[in-house]
Amino acid sequence: MCCDLKRRFLLLYATQKGQAKAIAEEIWQQAGTHGLEADMHCISEMDKYNLETEKDPVVIVISTTGTGDPPDTARKFVKKIQDSTLPPDHFAHLQYGLLGLGDSEYMFFCNGGKTVDRRLQELGAQHFYDTGLADDCVGLELVVDPWIDGLWLALKEALLLQKEKEGMNNVVDAVTSSLSLAPHVVHELNLNSEVQNLKLEDEGAKSSDVLSQKVDDINLVTPARNTEPSLVNSIPPLSQSALNIPALPPEYIEVQFQGTHGENPHLSSLISEETTFEVPVTKAVQLTREDAIKTALLLELDISVS
């Protein structure tokens with residue numbers, strides 16, 4: 001049966017005791033009800049898929065065995081992607097989502113899935129869906145079921161973006177092809193443009209003197225308009241100057257008290273270190289709340305001379 005390649009995604013599983021395969025088969029069965037086609041393979045069947053050229057989204061379900069090792073069916077795959085000679089953009093085209101299975105009673109929880117996930121990221125692959133890590137100690141279904149439920153919307157969004165990207169590439173290819181099929185038309189347009197530029201330059205040279213003279217005449221007879229300074233018009237030298245934002249004021253003001261030098265002997269006689277005055281308080285208002293750390297009061301004093 002022919003399937004719509006635009007709705008296809010690649011489904012890989014790596015299992016040791018069959019749990020990852022069973023979950024992958026559940027995803028495969030549900031895919032049809034969501035209008036999708038899952039191309040399912042064991043990750044060891046590397047002759048049936050090719051991540052180097054894969055354009056569709058990839059879903060990986062992988063378990064962990066031993067002391068945190070990938071399952072036996074994934075060893076060949078892990079060894080291949082661990083090749084240190086691979087460039088950092090080797091999988092830059094790849095969009096994937098990964099579901100890891102493990103048991104938190106062991107020290108290296110879900111290390112099989114984490115190893116593959118980390119290496120794919122190092123090689124430039126991008127998540128289209130967040131990684132899920134299911135714990136067999138408390139029940140795989142606590143993570144597996146909601147992860148699968150959210151997978152379908154993420155897949156459809158990834159496929160939609162892929163379709164839009166392919167459409168843009170097709171438009172670019174069509175424009176490039178049409179330009180390559182008609183080079184003589186482009187050459188003729190260039191020649192016509194050069195001829196028009198020559199004509200314009202010749203006409204411009206002939207009329208430049210006349211135009212210059214007309215401009216001078218206009219400048220001579222045009223009266224000065226709106227020469228009064230205003231919000232929209234300034235006069236020299238301001239109109240001919242570069243305006244800059246003024247410098248910020250200093251962060252503090254230094255205050256210095258100077259002697260009176262006899263300028264106001266009456267005032268100087270009142271202000272002295274030995275003189276104190278007692279005046280009545282006519283008004284007191286508390287400006288801060290009762291629970292404030294510091295209390296601020298507004299005081300009004302009567303300093304009238306009796």
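No experiment lies behind these values; they were computed from the predicted model shown.
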What heavy-atom pair brings Lys17 and Thr15 nearest, and what distance separates the two atoms?
-> N-OG1, 3.7 Å
Scan residues 135-159 for pairs that pass salt bridge (Lys or Arg N to Asp or Glu O under 4.0 Å), counting only residues two or more places apart or in two chains.
-> none
Kindly give the heavy-atom pair with the smallest separation between Cys110 and Gly102, and that separation in Å.
-> SG-N, 3.4 Å
Pair Asp117 + Lys114, salt bridge at N-O below 4.0 Å = no
Answer with yes or no whether the side chains of Glu52 and His90 bring together a donor and an acceptor at under 3.5 Å.
-> yes
Roughly how far, to the nearest 0.5 Å, is the CG atom of Leu51 from the CD1 atom of Ile81?
-> 8.5 Å
What's the verdict on side chain to side chain contact (heavy atoms under 4.5 Å, CB included) for Ile23 and Leu101, showing C-alpha distance, side-chain angles and the deciding distance?
-> CA-CA 10 Å; Ile23 294 173; Leu101 310 180; 3.8 Å; yes
Distance col, row Glu164:CD vs Leu161:CG, nearest 0.5 angstrom, shows 5.5 Å
Sorted by first residue and then second, give each salt bridge (Lys or Arg N to Asp or Glu O under 4.0 Å) pair with at least one member in residues 121-131; sequence neighbours left out.
-> Arg119-Glu122
Smallest separation among heavy atoms of Gly97 and Phe128, with atom names | N-CE2, 3.3 Å
Decide yes or no on side chain to side chain contact (heavy atoms under 4.5 Å, CB included) for Lys80 and Met46, but give the supporting numbers first.
-> CA-CA 10 Å; Lys80 182 178 180 180; Met46 301 177 65; 3.2 Å; yes
Quick one: do Val59 and Leu12 end up in the same hydrophobic cluster if we chain Ile, Leu, Val, Met, Phe, Trp and Tyr together by side-chain heavy atoms under 4.5 Å apart?
-> no
Determine the interplanar angle of the Tyr129 and Trp147 rings, folded into 0 to 90°, and report it as parallel if under 30°, tilted if 30 to 60°, perpendicular if over 60°.
-> tilted
Residues at least two apart in sequence or cross-chain that pass side chain to side chain contact (heavy atoms under 4.5 Å, CB included) with Ala125, listed by chain then number, are Phe91, Leu94, Tyr96, Leu120
Heavy-atom closest pair (Gln162 atom, Lys55 atom, distance to 0.1 Å) is OE1-O, 3.6 Å
Check the side chains of Glu26 and Gln30 for a donor-acceptor pair under 3.5 angstrom, ignoring hydrogens and angles.
-> yes
d(Arg7 CZ, Leu155 CG) to nearest 0.5 Å is 9.5 Å
Find the distance between OG1 (Thr64) and CG (Asn111) and round it off to the nearest 0.5 Å.
-> 6.5 Å
Decide side chain to side chain contact (heavy atoms under 4.5 Å, CB included) for Leu98 and Ile60; before the verdict, give the C-alpha distance in whole Å, the side-chain angles of both, and the deciding distance to 0.1 Å.
-> CA-CA 5 Å; Leu98 186 142; Ile60 302 173; 4.2 Å; yes
Carefully, step by step, assess Val281 and Leu301 under the rule side chain to side chain contact (heavy atoms under 4.5 Å, CB included).
-> CA-CA 5 Å; Val281 176; Leu301 308 179; 3.6 Å; yes
For atom CZ of Phe108, is the number of surrounding heavy atoms from other residues, nucleotides or ligands below 6.0 Å larger than 12?
-> no
All side chain to side chain contact (heavy atoms under 4.5 Å, CB included) counterparts of Pro71, not counting sequence neighbours = Ala14, Gln16, Ile62, Ser63, Thr73, Ala74
Taking every non-hydrogen atom, the tightest pair across Phe9 and Leu36 = CE2-CB, 4.0 Å
In the hydrophobic clustering (ILVMFWY, side-chain contacts below 4.5 Å, transitive), which residues join Phe109, or is it alone?
-> Leu133
What distance separates Met40 CE from Glu25 CD, expressed to the nearest 0.5 Å?
-> 5.0 Å
Interatomic spacing from CG in Asp39 to CG in Leu11 - rounded to 0.5 Å = 8.5 Å
Nearest heavy-atom pair of Pro57 and Leu159: which atoms, and what distance?
-> CD-CD2, 3.5 Å
Among pairs that include at least one residue of residues 13-32, which meet ring pair (Phe, Tyr, Trp, His ring centres under 6.0 Å), considering only residues two or more places apart or in two chains?
-> none
Flag yes if Leu10 and Val61 sit in one hydrophobic cluster, no otherwise; membership is Ile, Leu, Val, Met, Phe, Trp, Tyr, and two members link when side-chain heavy atoms are under 4.5 Å apart.
-> no
